Q: 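Attaching a single structure in structure tokens format; questions to follow.
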Protein chains: 2
Amino acid sequence: MEQFCPLEYTLNFIKSKWVILIIRELTLGTQRFNELEKKIAGISQKVLTSNLRFLEENNLVERKVYPVVTPKVEYSLTNLGKSLQPILDQMTEWGIKNIKK
Amino acid sequence: MEQFCPLEYTLNFIKSKWVILIIRELTLGTQRFNELEKKIAGISQKVLTSNLRFLEENNLVERKVYPVVTPKVEYSLTNLGKSLQPILDQMTEWGIKNIKK
DNA sequence: CAGAATCCTTTCGGATACTG
DNA sequence: CAGTATCCGAAAGGATTCTG
């Protein structure tokens, strides 16, 4: 990912609707793949997977695989991932204030 | 634009790299189409136009046409547009802090 | 359960040419 | 100067099927 300025750099991590919904969901705590899929309305398995990979690659999310019979994989925010929350909060606040209709 | 929650609503306005660069440029003050085109490195005329239209439609930017011989059009942020600045500032701050290499 | 693989549509933006 | 019009390629994401 080539970035040109800090603003663009940050945007690259939060420009996707699904990414921010995943991050927001994970601020509630560690969750399994399955839980995320159920809670994030409308997300497909493929999109969830690829976005989680992206977040993992960029150290925003940690993936923990449990070597048990039925697969169990847990996702949680890293400290870096958690540090995005003020931005999401501010975006939410702006949205509440300015949403029309 | 159908939105589902405030977070997504806000994201719709800032998810584009070009949109945030335009807004940031306009925080410096009213500017002409031509100036924006020169200052925002790499933006094409088409993209600049369409993004300005988008911003205008959503009341984030005001377009002022002067009826003179050589066309003169000025763009400026509305109060709503200006109200996005804290979010962009926070994104910039996060980028400065976490940008790698 | 947690995915991988494949196919397909939509959207964004780059390139280029033209105009009142 | 400030656009419009057209063509085109890349990338995101939806739907579906299959698997260790």
Side-chain angles (χ1 to χ4, degrees), chain A residues 1-5 7-9 11-26 30-58 60-76, chain B residues 1-5 7-9 11-26 30-58 60-76:
Chain A
M1 191 195 308
E2 31 164 354
Q3 55 283 343
F4 309 78
C5 71
L7 183 53
E8 284 179 62
Y9 181 77
L11 184 66
N12 277 327
F13 297 121
I14 62 167
K15 66 182 171 189
S16 154
K17 165 189 166 181
W18 296 119
V19 162
I20 60 169
L21 292 180
I22 291 169
I23 292 176
R24 187 177 60 177
E25 196 54 45
L26 287 177
T30 299
Q31 301 198 48
R32 298 179 64 167
F33 185 88
N34 199 26
E35 298 178 288
L36 291 172
E37 197 174 8
K38 271 182 276 184
K39 289 186 180 172
I40 302 173
I43 198 167
S44 72
Q45 171 271 326
K46 177 190 154 188
V47 171
L48 179 55
T49 300
S50 68
N51 280 313
L52 283 169
R53 292 289 173 279
F54 169 78
L55 289 167
E56 196 189 352
E57 281 164 18
N58 289 287
L60 295 170
V61 157
E62 191 188 359
R63 179 170 180 262
K64 195 170 182 184
V65 183
Y66 293 85
V68 290
V69 184
T70 37
K72 176 176 174 181
V73 180
E74 280 183 348
Y75 293 93
S76 57
Chain B
M1 191 196 306
E2 31 165 352
Q3 55 283 343
F4 309 80
C5 70
L7 184 54
E8 285 179 61
Y9 181 78
L11 184 66
N12 277 325
F13 297 121
I14 61 167
K15 66 182 171 187
S16 155
K17 164 190 167 181
W18 297 120
V19 162
I20 60 169
L21 293 181
I22 292 168
I23 292 176
R24 187 178 59 176
E25 196 55 45
L26 287 178
T30 299
Q31 302 199 48
R32 297 179 65 168
F33 184 88
N34 199 27
E35 298 178 289
L36 291 173
E37 198 173 5
K38 272 183 275 185
K39 289 186 181 172
I40 301 174
I43 198 166
S44 72
Q45 173 273 331
K46 177 190 151 188
V47 170
L48 179 54
T49 301
S50 69
N51 280 315
L52 283 170
R53 292 288 173 280
F54 169 77
L55 289 167
E56 196 190 353
E57 281 164 19
N58 289 285
L60 295 169
V61 158
E62 191 188 359
R63 180 171 179 261
K64 194 169 181 184
V65 183
Y66 294 85
V68 291
V69 183
T70 38
K72 176 176 175 181
V73 180
E74 279 184 350
Y75 292 93
S76 57

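Owing to the predicted nature of the structure, the values given are computational and were not obtained by experimental measurement. Letters go in sequence order (proteins before strands), and every chain restarts at 1.
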Q: What pairs with B/Lys15 under side-chain contact (heavy atoms from CB on, under 4.5 Å), at least two apart in sequence or on another chain?
A: A/Lys15, B/Leu11, B/Asn12
Q: If you round to the nearest 0.5 Å, how far is CG of B/Asn58 from CD of B/Glu56?
A: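 So the CD of B/Glu56 and the CG of B/Asn58 are separated by 10.0 Å.
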Q: Enumerate donor-acceptor pairs with a distance under 3.5 Å from any side-chain N or O in residues 68-76 of chain A to protein atoms, sequence neighbours excluded.
A:
residue	atom	partner	partner atom	Å
A/Glu74	OE1	A/Tyr66	OH	2.9
A/Tyr75	OH	A/Arg53	NH1	3.4
A/Tyr75	OH	A/Arg63	NE	3.1

Q: First and last nucleotide of DNA chain C touching chain B, 5' to 3', heavy-atom cut-off 4.0 Å?
A: C/dG13 to C/dG20
Q: What are the two closest heavy atoms between A/Ile20 and A/Ile14, and how far apart are they?
A: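 The pair with the smallest heavy-atom distance is CG2-O, 3.3 Å.
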Q: Evaluate the side chain to side chain contact (heavy atoms under 4.5 Å, CB included) criterion for residues B/Ile22 and B/Ile43: first the C-alpha distance (whole Å), next the side-chain angles of each, then the deciding distance (0.1 Å), finally the verdict.
A: CA-CA 10 Å; B/Ile22 292 168; B/Ile43 198 166; 4.2 Å; yes
Q: Return the 5'-most residue of the pair B/Thr49, B/Asn34 with respect to DNA chain D, ranking by each residue's nearest nucleotide.
A: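 With B/Thr49 and B/Asn34 compared, the 5'-side residue is B/Asn34.
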Q: Expressed as a whole number of angstroms, how long is the span from B/Arg63:CZ to D/dA2:C1'?
A: 8 Å
Q: Quick test of your reading: applying salt bridge (Lys or Arg N to Asp or Glu O under 4.0 Å), list the pairs with at least one residue in residues 41-52 of chain B, sequence neighbours left out, ordered by first then second residue.
A: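 Salt bridge (Lys or Arg N to Asp or Glu O under 4.0 Å) check on residues 41-52 of chain B returns no pairs.
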Q: Whole-Å distance between D/dC1 P and B/Leu48 CG?
A: 14 Å
Q: Each nucleotide N or O in nucleotides 11-17 of chain D that has a protein N or O under 3.5 Å away: list the pair and distance.
A:
residue	atom	partner	partner atom	Å
D/dG13	OP1	A/Ser16	OG	3.3
D/dG13	N7	A/Lys46	NZ	3.4
D/dG13	O6	A/Lys46	NZ	3.4
D/dG14	OP2	A/Trp18	NE1	3.4
D/dG14	O6	A/Lys46	NZ	2.3

Q: Quick one: side-chain hydrogen bond (donor to acceptor under 3.5 Å, both in side chains) partners of A/Lys39, sequence neighbours excluded?
A: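 With sequence neighbours excluded, A/Lys39 shows a side-chain hydrogen bond (donor to acceptor under 3.5 Å, both in side chains) to A/Gln31, given in chain and number order.
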Q: Hey, does the side chain of B/Arg32 come within less than 4.0 Å of D/dC1's phosphate (OP1/OP2), counting only N and O?
A: no
Q: Side chains of A/Leu52 and A/Leu36, heavy atoms from C-beta outward: is any pair under 4.5 Å?
A: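 Contact flag for A/Leu52/A/Leu36 side chains = yes.
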Q: Please identify each residue that fulfils side-chain hydrogen bond (donor to acceptor under 3.5 Å, both in side chains) with B/Ser50, with sequence neighbours left out.
A: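 Listed in chain order: nothing, the list is empty.
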Q: Under the side-chain contact (heavy atoms from CB on, under 4.5 Å) rule, collect the residues that match up with A/Gln45, sequence neighbours excluded.
A: A/Phe33, A/Glu37, A/Thr49
Q: How many angstroms lie between CZ in A/Arg32 and NZ in A/Lys38, if you round to the nearest 0.5 Å?
A: 9.0 Å
Q: Expected output check: what is the dot-bracket annotation of DNA chain C, where ( ) and [ ] are pairs inside the strand (brackets for crossing ones), | is paired with another strand, and pairs are Watson-Crick or G-U under 3.5 Å?
A: ||||||||||||||||||||
Q: Specify the separation, in whole Å, of atom CD of B/Glu35 and atom C1' of D/dC1.
A: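 Rounded to the whole Å, the gap is 12 Å.
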Q: What's A/Tyr75 touching, base or sugar-phosphate or nothing? Going by heavy atoms closer than 4.0 Å.
A: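 Here A/Tyr75 touches the backbone only, sparing every base.
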